[in-house]
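Let me begin by presenting the structure, written as structure tokens, before commenting on it.
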Amino acid sequence: MCGITGWVSFHSDARTQTPVIEAMTATLAPRGPDAGGVWLGERAAIGHRRLAVIDLEGGVQPMTDRPDEPTIVLSYSGEVYNHHQLRGELRRRGHVFRTRSDTEVVLRAYAEWGEAVAEHLEGMFALAVWDEREQRLLLVRDRLGVKPLHWAAVDGGLAFASEPKALFAHPEIRPRVDADGLREAYSLLFNTGPTVWSGVREVEPGGLLVLDRDGIRERRYWQLEAAAPHTDDRDATVERIHELVGAAARGQLEADVPLCSLLSGGIDSTVLTALLAAELRSRQGPEARIRSYAVDYSDQAVEFTGDVLRTGHDTPYAVEAGAFIGTDHSTVVLDPRALLDPGHRTAVVVARDSPIGVGDMDTSLYLLFGEIRQHSTVALSGEAADEVFGGYPWFHSPRALAAGTFPWLLVTGDEAAMPLNPELDLRMAEFRDDTYRTALAAVPHLDGETPAEHRLRELQHLSLTRWLRQLLHRKDRLSMAQGLEVRVPYCDHRLVEYAFTTPWALQSHDGREKSLLRAAGAGLAPDSVLHRPKNHYPATHHPDYNRGLQQLARDALAAEQVRALTDETLLKPCLDTPPDRLEWGHRLRLERVVDLALWLDHYRPELAL
């Protein structure tokens with residue numbers, strides 16, 4: 001997994017800046033607790049922090065093509081799942097390998113294919129290659145954007161990093177937020193490219209960036225397309241989905257460290273865990289058992305209250321699924337009051353580099369990952385199945401289908417975004433409308449689609465390219481803050497491409513959400529799990545949590561800078577509501593007030609509003 005950082009400047013000698021690259025690299029130590037290293041040349045400084053997963057001895061980075069006078073330097077984060085196939089092809093082309101790591105495969109692949117290396121890699125990755133011969137920097141991000149990669153301009157070039165905090169260790173880059181950044185953060189539109197930080201951008205998912213003496217060039221090497229009609233019938237489609245999910249699961253089971261599965265008791269994680277368990281038994285024998293983990297709260301069985309996103313208590317289903325599959329299952333039970341701990345909440349905000357999160361659900365995920373890390377270094381997750389297979393309420397809501405805006409703003413509640421001070425005059429409605437038009441213009445369509453098919457393809461594209469972005473960001477940041485690698489097989493681009501071109505009539509052939517996954521998973525999960533409604537990640541429902549949150553929000557509003565950014569008239573009812581009657585959307589407002597205060601206190605950003 002790991003963290004990468006560095007910079008290239010054609011105006012200065014990087015060899016004189018060892019303390020700077022070391023400081024940038026040190027900020028990423030939680031992403032790579034096992035080792036760290038730097039490389040400096042005249043024009044480039046490259047840093048790396050390593051979480052050792054494959055070839056524990058041989059995958060040291062930054063990696064060079066040769067020990068003396070290197071011509072290629074690589075800093076790489078993630079996993080390339082087709083590295084064995086690529087290694088064989090590269091050997092046939094004359095390349096000699098010193099290690100068995102996937103890192104060296106990426107290095108040799110660049111030596112063979114140059115910029116076109118991106119199209120050859122399958123997996124989740126963010127990488128930086130400095131080519132000494134060409135005096136060129138290449139940045140590449142995986143197709144779905146599972147792994148993060150940020151950059152910012154410096155004199156004579158640019159700096160890059162897995163996380164913005166590493167950029168801020170460079171003397172030319174300061175944490176600064178302007179009106180555009182606040183719109184990006186609080187609009188809940190999840191653009192790719194711009195960030196909350198002024199001057200800090202992301203390499204787009206499926207994108208690459210090249211820097212040389214002629215300047216910066218960006219392009220997409222992959223994006224969702226609807227190039228040809230889907231011709232498989234229902235049975236063939238279900239069989240193909242089963243093959244693709246199974247292939248993704250099997251391909252992501254490799255590790256030289258302990259590995260586990262996240263098993264919530266929903267269909268996504270249960271089908272995935274069943275496939276992983278079966279593959280593990282085929283490799284290690286019938287007695288092999290995969291570890292599985294779920295999260296719960298000590299109050300959940302008594303205090304659970306359903307809402308639009310949560311339909312039931314997960315734990316009984318997770319336990320049943322674990323027993324059905326035959327996993328070594330554990331439930332990590334958290335005290336809701338521990339979720340209020342300022343140290344935990346600060347750690348989450350720092351991990352995200354952002355004031356926008358989902359409160360207790362972030363803190364609980366961070367604590368869950370910390371518990372898992374005591375036993376495993378790699379976890380596999382069912383993330384993205386809802387986007388791939390149409391699992392969200394907005395796919396089935398006439399109101400969302402007819403709306404002229406991003407569908408999650410209707411289902412989750414637009415008011416969930418913290419109300420900003422109207423005196424800031426951010427023109428948020430105008431920003432949303434402009435962004436929505438731009439987003440729809442990027443959706444590919446097939447000739448002859450009916451209006452209904454046209455609209456559902458739009459919703460699926462928006463979900464895969466925008467809504468999924470913040471979920472992957474959350475999972476990456478909170479897992480890597482604990483030194484845990486989380487893999488997401490449902491983000492396999494071949495699966496995503498196939499599902500995206502499948503007509504909605506097939507995707508909802510049984511009249512429900514995720515019809516194809518349910519059919520493909522028949523026999524892999526208990527019927528109770530296969531047929532239970534979609535359930536969102538759990539939140540605590542304890543009144544004591546709400547009471548404590550209200551007090552934290554009052555404390556946050558004591559800070560002048562927090563009050564200057566927020567609309568206190570809309571927050572006051574959230575503070576005055578009895579804790580046992582605090583609605584989800586209003587509670588989320590308070591969560592974001594608390595996080596805003598922690599973010600401002602930690603980063604001390606310049607506010608250019």
Side-chain angles (χ1 to χ4, degrees), residues 182 185-188 296-314 334-342 344-346 348-349 354-365 367 393 399 408-424 426 428-429 535-601:
L182 287 184
Y186 288 102
S187 64
L188 307 183
D296 200 1
Y297 306 102
S298 57
D299 67 299
Q300 195 81 332
V302 176
E303 300 285 353
F304 178 82
T305 304
D307 57 36
V308 68
L309 296 176
R310 296 169 192 84
T311 58
H313 185 199
D314 275 339
L334 302 174
D335 181 347
R337 297 165 188 83
L339 304 177
L340 299 166
D341 181 271
H344 295 154
R345 294 194 69 111
T346 299
V348 167
V349 169
S354 167
I356 284 293
V358 284
D360 67 302
M361 293 192 294
D362 280 350
T363 310
S364 68
L365 191 62
L367 295 175
R399 180 168 173 248
W408 49 87
L409 298 180
L410 303 176
V411 176
T412 62
D414 189 15
E415 74 281 358
M418 186 188 69
L420 295 171
N421 190 331
E423 294 181 5
L424 295 172
L426 295 178
M428 196 71 84
N535 202 45
H536 202 64
Y537 183 88
T540 181
H541 299 269
H542 202 294
D544 284 354
Y545 178 82
N546 292 347
R547 186 177 294 108
L549 176 64
Q550 288 173 320
Q551 186 56 53
L552 288 178
R554 293 187 188 97
D555 294 342
L557 287 166
E560 181 179 351
Q561 201 171 38
V562 175
R563 292 198 307 275
L565 291 174
T566 58
D567 187 345
E568 290 187 86
T569 61
L570 292 180
L571 290 169
K572 188 176 187 303
C574 308
L575 294 169
D576 295 340
T577 299
D580 60 346
R581 289 162 51 193
L582 189 63
E583 296 178 2
W584 165 250
H586 288 175
R587 187 170 103 171
L588 192 53
R589 287 184 177 182
L590 299 183
E591 300 277 16
R592 289 183 172 151
V593 169
V594 174
D595 287 351
L596 174 64
L598 293 171
W599 178 72
L600 290 169
D601 183 65

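Because the structure is a prediction, the values reported are computed rather than measured. Along the sequence shown, the residues carry numbers beginning at 1.
For Ser364, the side-chain hydrogen bond (donor to acceptor under 3.5 Å, both in side chains) test picks out Tyr297, Tyr537, with sequence neighbours left out. Not counting sequence neighbours, the partners of Asp360 by the salt bridge (charged side-chain N to carboxylate O under 4.0 Å, His left out) test are Arg587. By the side-chain contact (heavy atoms from CB on, under 4.5 Å) test, Leu420 pairs with Tyr186, Met418, Leu424, Leu426, Met428, sequence neighbours left out. In this structure, the side-chain hydrogen bond (donor to acceptor under 3.5 Å, both in side chains) partners of Asp567, at least two apart in sequence or on a different chain, are Thr569. Every salt bridge (charged side-chain N to carboxylate O under 4.0 Å, His left out) that Asp601 has, sequence neighbours left out, goes to Arg604.
The OG1 atom of Thr577 lies 10.0 Å from the NZ atom of Lys572; values are rounded to the nearest 0.5 Å. Atom CG of Asn546 is separated from atom CG of Asp580 by 8.5 Å, given to the nearest 0.5 angstrom. From His586, atom NE2 reaches atom CZ of Arg581 across 12.5 Å, with rounding to the nearest 0.5 Å. Expressed to the nearest 0.5 Å, how far CH2 of Trp599 lies from CZ of Arg345 amounts to 16.0 Å. Taking CG of Leu188 as the reference point, atom CD1 of Ile356 lies at 6.0 Å (rounded to 0.5 Å). For the atom pair Thr363 OG1 and Asp595 CG, the distance stands at 7.0 Å (nearest 0.5 Å).
Counting all heavy atoms, side chain and backbone alike, Pro538 lies closest to Met361 at O-CG, 3.5 Å. Across every non-hydrogen atom of Leu590 and Leu575, the tightest pair is CD2-CD2, 3.8 Å. For the residue pair Val593 and Ala553, the shortest heavy atom distance occurs at CG1-O, 4.1 Å.
Between Leu565 and Asn421 there is no side-chain heavy-atom pair separated by less than 4.5 Å. For the pair Pro579 and Gln550, the minimum side-chain heavy-atom distance is below 4.5 Å. Counting only heavy atoms from C-beta outward, the side chains of Asp296 and Asp314 never approach each other to under 4.5 Å. Side-chain contact between Leu334 and Thr540: absent, with no pair of heavy atoms (C-beta onward) separated by less than 4.5 Å. By the 4.5 Å heavy-atom criterion applied to side chains, Glu591 and Val358 are not counted as neighbours.
Residue pairs meeting the salt bridge (Lys or Arg N to Asp or Glu O under 4.0 Å) criterion with at least one member in residues 538-566, sequence neighbours excluded: Arg337-Asp544, Asp544-Arg547.
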Could you walk me through whether Leu339 and Leu367 pass side chain to side chain contact (heavy atoms under 4.5 Å, CB included), step by step?
CA-CA 9 Å; Leu339 304 177; Leu367 295 175; 3.9 Å; yes
